[in-house]
Amino acid sequence: MNTITRKSNPLILGIESSCDETAAAVICGRKLLSDEIASSSSVQAKFGGVVPEIASREHLSVVDGVVANALKNAGVKKEEIDAVAVTYGAGLLGALLVGLSFAKGFAYGLGIPLIGVNHIRGHLAAAYLEDETLEPPFITLLASGGHTAVIHTKSETEFEVLGGTLDDAAGEAFDKVARILALPYPGGPHIEKLAREGKNTVPLPKMLKGNGGYDFSYSGLKTAVLNYCHTKEQRGEALNKADVAASFQSAALDILVQKTVEAARERGIKTVTAGGGVVANGYLRETLKAACDRAGLNLILPEKRHCTDNAAMIAAEGLLQWNAGNFSPLSLNAEASIPLR
Ligand code: KG4
Ligand code: ZN
């Protein structure tokens, strides 16, 4: 693999299958040529969460077609692809193995390099597609279903986790509160929709600061929502779910905005980016934008479809690894969890 002559604008096929989205995308340098996503979330919704076995089977039945569409819509032949970037972790093992095995076969068949991508690094890289001139350093707010952290990206391949959740990830908290409110899975978009009809009037703890610094905790907030709903029920009082949703949403997200802007200010960094499914939340996008404007920070927000799981971000991270000359052996294995710090 070291003998590869590297172009500066390679055609990279990205493949993502870590959870319930089967996705493929093609980029040429930082330019996105195609971006395909097939989701099994409507199938999973019946079970109130992702069933790993179902996710694997769904990936297997669609991966071939999703990749074929990505190539077709990009207007490129498979022989023109320079490298395949694929998520190898973190995620559901069976689901990961489908995308990873497909990518290995593709790379081996065409004699091109394989680039194993850490899913979380993919979320961090999504911003590079939004602004082709974006360069480190920047501060990133990462908020997904599995991770929530404030990160200092120092170069294309080096980053420092400044702080993050001490318990649940932000997306996980949204999903758990959605369950309390009997909303469908995945909970985030349903809470956001309901919150638009409600007011931030339910008293919930704002003390989410964990042990100080950039860390914070969601467990107290989730319990407070649960207690509030139970008490209402026990007293036979009507529960205004929209107000609960609006109050929870602001308590859960305001802290993220605050910590992110604080980190940029303290480190003297002028650019802020964000990534992960929770960043698709309109309230978060608006409050982060307003806070960055007030602090004189430049905010680069990936479009919503590049915040939730997608393959464009995997291809984007693949490009950073390509630039660094980091390729993976065909023996690369899937990993269920990869520590963030
Ligand atoms: O990044 P992602 O698609 O998958 C992981 O890598 O985890 O994030 C999924 C999470 C879920 O917990 C989902 O409820 C949350 O992102 N999410 C949202 C919104 N859209 C997705 N949370 C709040 N508001 C949204 N609009
Ligand atoms: Zn994700």
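Residue indices begin at 1 and follow the sequence shown. Keep in mind that this is a model prediction, so the values were computed, not measured. Every number for a ligand or one of its atoms is a count from 1 in the order of the listing.
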Please output the side-chain donor-acceptor pairs of residues 179-199 that fall under 3.5 Å, not counting sequence neighbours, one pair per line with the distance.
residue : atom : partner : partner atom : Å
Arg179  : NH2  : Gly48   : O            : 2.8
Glu192  : OE2  : Gly282  : N            : 2.7

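Checking Ile191, Asp175, Asp20 against atom 12 (O) of ligand 1, the nearest heavy atom belongs to Asp175.
The closest protein non-hydrogen atom to atom 26 (N) of ligand 1 is Glu192 OE1, 2.8 Å. With respect to atom 22 (N) of ligand 1, the closest heavy atom belonging to the protein is Gly188 CA, 3.3 Å. Looking at atom 24 (N) of ligand 1, its nearest protein heavy atom turns out to be Asn281 ND2, 3.0 Å. For atom 5 (C) of ligand 1, the closest non-hydrogen atom on the protein side is Gly145 N, 3.6 Å. Among all protein heavy atoms, the one lying closest to atom 21 (C) of ligand 1 is Gly277 O, 3.4 Å. Among protein heavy atoms, atom 6 (O) of ligand 1 sits closest to His119 NE2, 3.1 Å. Of all protein heavy atoms, the one closest to atom 2 (P) of ligand 1 is Asp309 OD1, 3.3 Å.
Using a 4.0 Å cutoff on heavy atoms, His123 counts as a contact of ligand 1. Within the 4.0 Å heavy-atom shell around ligand 1 one does not find Cys19.
Between Glu135 and Arg30 there is a salt bridge, since a side-chain N of the basic residue sits under 4.0 Å from a carboxylate O of the acidic one.
Considering backbone and side-chain atoms alike, Phe174 places every N or O at 3.5 Å or more from each N or O of ligand 1.
Using modelled atom types, one side-chain atom of Ser144 and one backbone atom of Gly146 make a donor-acceptor pair closer than 3.5 Å.
In terms of heavy atoms, His306 sits closest to Met313 at O-SD, 4.4 Å.
Each protein N, O or S atom less than 2.8 Å from the Zn ion (ligand 2) was counted, giving 3.
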